[in-house]
S.K.: 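This is the structure I want to talk about, given as structure tokens.
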Amino acid sequence: MAEGLAETGPICMPVRAVPSAAGGSFLLRPIAADAPVEEVLFGLHGRPAADHPAAAGLRSALIRDHAPTAPVLPPLLAIWHLTRCGSTLTARMLSCIDALQVMDEPGAVVDICGAFWGLVPLADRLAALDAALRSLGQRVRPGARHLVVKQSLRSWRDQDLFAQLHPDMHRVLIIRDPLEILVSNLTGPPGWLKLRDAVWSPLLSGVALARQRELSDAEFIARCLGRAFTAMAEMVEADPAGWLILDYAELPEAVITRLLPRLGITPTPAEAAAMADATRLQAWSRRGRRPFSDDRAQKQAAATPEMHDLCDRFLRTPWQRMAACAAIGSAMAPTDHAARQAPS
């Protein structure tokens with residue numbers, strides 16, 4: 001259940017987190033108590049545009065001085081993914097459940113799990129992540145009882161931080177054929193490609209900066225994805241029963257038939273109808289949401305010999321390891337997962 005705090009003013013949530021000797025600071029933005037679901041879901045990626053209504057209310061605060069002003073929801077689920085694989089669709093569908101407050105890759109969490117925060121002492125980093133999750137968990141949906149956070153693939157280096165803070169938090173991993181993921185990332189390059197010249201970018205690629213500068217964008221992206229895929233495979237292999245692994249090919253049905261039962265949630269007819277509506281459009285597009293179409297065959301057909309080679313070199317093996325764990329986790333879940341936290 002949500003912690004009981006009286007709502008005494010505007011609800012402020014972090015969109016960025018900056019490390020410092022004082023324990024770090026948050027850039028906070030106000031969220032209206034009646035904010036639409038779309039604003040709660042996607043409105044905390046980072047600093048809002050200058051013409052956004054929330055921009056005028058931005059303020060900075062030391063993390064140690066920031067305290068929730070609304071009831072705090074306990075974290076229920078972390079959504080992990082391999083990118084371009086249906087995780088945003090999953091988050092949209094879950095946001096149709098009144099009891100769930102869903103956040104899509106909130107910027108403060110991505111920051112704390114990033115390279116700069118990796119230099120911060122573990123105790124301070126855990127305190128910052130705990131403060132971020134508590135702040136993001138401030139209830140803005142009237143019927144919400146639990147927090148769901150979709151993670152960034154760039155957070156793969158710090159999955160254990162979440163396990164330390166919330167060992168009973170459910171974890172779902174969305175995967176997809178790695179060739180299709182690579183094709184999507186190469187034909188529509190990810191925003192993090194611009195980070196390839198950053199001095200800390202070898203943490204993403206696993207390649208020394210001098211060598212990295214000689215790589216093509218395609219190989220840089222493939223190496224970064226492969227490094228993240230390998231880390232995800234290691235985490236899943238360490239606790240296969242603790243993960244629910246869903247394949248893109250199973251969506252959207254598996255959200256209803258596998259994920260919600262694992263969370264102990266049965267959608268109402270209205271919620272089920274809203275979830276069905278959410279699947280009729282693309283989960284995300286900068287040009288506006290358009291009717292959804294299964295693009296697996298299109299992605300496979302678009303793969304060049306170079307893409308096949310990069311996929312086989314960097315992505316195929318860790319993906320196979322995760323796919324193998326999917327069957328193990330599915331078989332073990334009914335007994336081994338029964339003791340985990342269920343919604344109250």
Side-chain angles (χ1 to χ4, degrees), residues 1-33 35 39-48 52 54-78 101-141 144-152 154-169 198 200 203 341:
M1 299 294 290
E3 297 178 23
L5 287 174
E7 296 184 24
T8 57
I11 299 174
C12 290
M13 295 184 176
V15 293
R16 300 304 303 267
V18 180
S20 72
S25 60
F26 284 148
L27 178 66
L28 301 165
R29 64 153 289 180
I31 296 284
E39 184 73 7
V40 176
L41 182 59
F42 296 115
L44 295 157
H45 282 171
R47 177 188 289 270
H52 190 284
L58 291 174
R59 65 180 180 87
S60 294
L62 291 175
I63 292 176
R64 66 189 183 200
D65 294 336
H66 175 60
T69 58
V72 177
L73 305 172
L76 176 67
L77 172 69
Q101 183 164 295
V102 186
M103 307 282 188
D104 182 278
E105 300 187 12
V109 171
V110 175
D111 286 341
I112 295 167
C113 294
F116 290 131
W117 277 89
L119 303 175
V120 174
L122 178 60
D124 292 343
R125 203 174 189 193
L126 284 170
L129 182 59
D130 183 49
L133 292 174
R134 284 175 50 79
S135 185
L136 294 168
Q138 295 178 94
R139 184 165 58 202
V140 292
R141 296 192 68 177
R145 291 185 289 119
H146 296 277
L147 176 67
V148 174
V149 178
K150 178 190 160 192
Q151 311 288 0
S152 167
R154 284 185 288 150
S155 302
W156 62 263
R157 298 174 64 248
D158 295 292
Q159 297 170 67
D160 60 328
L161 295 181
F162 296 90
Q164 290 182 54
L165 288 174
H166 299 285
D168 291 329
M169 194 175 185
W200 49 266
L203 293 173
Q341 181 181 7

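Everything numeric here is computed off the predicted structure, so don't read it as measured data.
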S.K.: If you take all heavy atoms of Ala144 and Leu73, which pair is closest and at what distance?
M.R.: O-CD2, 3.4 Å

S.K.: Give me the atom names and distance for the closest heavy-atom approach of Ala70 to Arg139.
M.R.: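 Result for this residue pair: CB-O, 4.1 Å.
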
S.K.: About how many Å separate OG1 of Thr69 and CD of Gln138, when rounded to the nearest 0.5 Å?
M.R.: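 The distance works out to 4.5 Å.
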
S.K.: Quick one: pull up NE2 in His52 and CG in Leu58 and give me the separation to the nearest 0.5 Å.
M.R.: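 The distance works out to 9.5 Å.
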
S.K.: Less than 4.5 Å apart, side chain to side chain, heavy atoms only: is that true for Leu122 and Leu161?
M.R.: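 In contact.
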
S.K.: Is a donor on one side and an acceptor on the other found under 3.5 Å between the side chain of Arg29 and the backbone of Gly43?
M.R.: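 Pair found, side chain donor or acceptor close to backbone of Gly43.
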
S.K.: Quick one: CE on Met169 to CG on Leu133, what's the gap to the nearest 0.5 Å?
M.R.: 6.5 Å

S.K.: Output the distance between atom CG (Asp65) and atom CZ (Phe26), rounded to the nearest 0.5 Å.
M.R.: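 Reported value, rounded in 0.5 Å steps: 11.5 Å.
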
S.K.: Between the main-chain N or O of Val140 and the side-chain N or O of Gln101, is there a donor-acceptor pair closer than 3.5 Å?
M.R.: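 Side chain of Gln101 to backbone of Val140: a pair is present.
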
S.K.: Could you grab the distance from atom NZ of Lys150 to atom CE of Met103, nearest 0.5 Å is fine?
M.R.: 14.0 Å

S.K.: Considering all heavy atoms of both residues, which atom of Leu27 and which atom of Ser60 are nearest to each other, and what is their separation?
M.R.: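 Closest approach of Leu27 to Ser60, heavy atoms only: CD1-OG, 3.9 Å.
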
S.K.: Just wondering, do Leu129 and Val109 contact through their side chains at under 4.5 Å, heavy atoms?
M.R.: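 Yes; the side chains approach each other to less than 4.5 Å.
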
S.K.: So how far is it from Asp130 CG to His166 NE2, rounded to the nearest 0.5 Å?
M.R.: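 That separation rounds to 5.5 Å.
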
S.K.: When you compare the side chain of Pro75 with that of His146, does any pair of heavy atoms fall below 4.5 Å?
M.R.: no

S.K.: Restricting to non-hydrogen atoms, name the atom on Ser135 and the atom on Pro14 that form the minimum distance, rounded to 0.1 Å.
M.R.: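 Ser135 and Pro14 have their closest heavy atoms at OG-CD, 3.0 Å.
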
S.K.: Can you check whether Ala128's main-chain N or O pairs, donor with acceptor, with Trp117's side chain at less than 3.5 Å?
M.R.: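 Between the backbone of Ala128 and the side chain of Trp117 there is no qualifying donor-acceptor contact (under 3.5 Å).
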
S.K.: Could you tell me which non-hydrogen atom of Pro19 sits nearest to which non-hydrogen atom of Val120, and how far apart they are?
M.R.: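 Smallest interatomic distance, heavy atoms only, reads CB-CG2, 3.6 Å.
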
S.K.: At their closest point, which heavy atom of Cys12 faces which heavy atom of His66, and how far apart are they?
M.R.: O-CE1, 3.6 Å

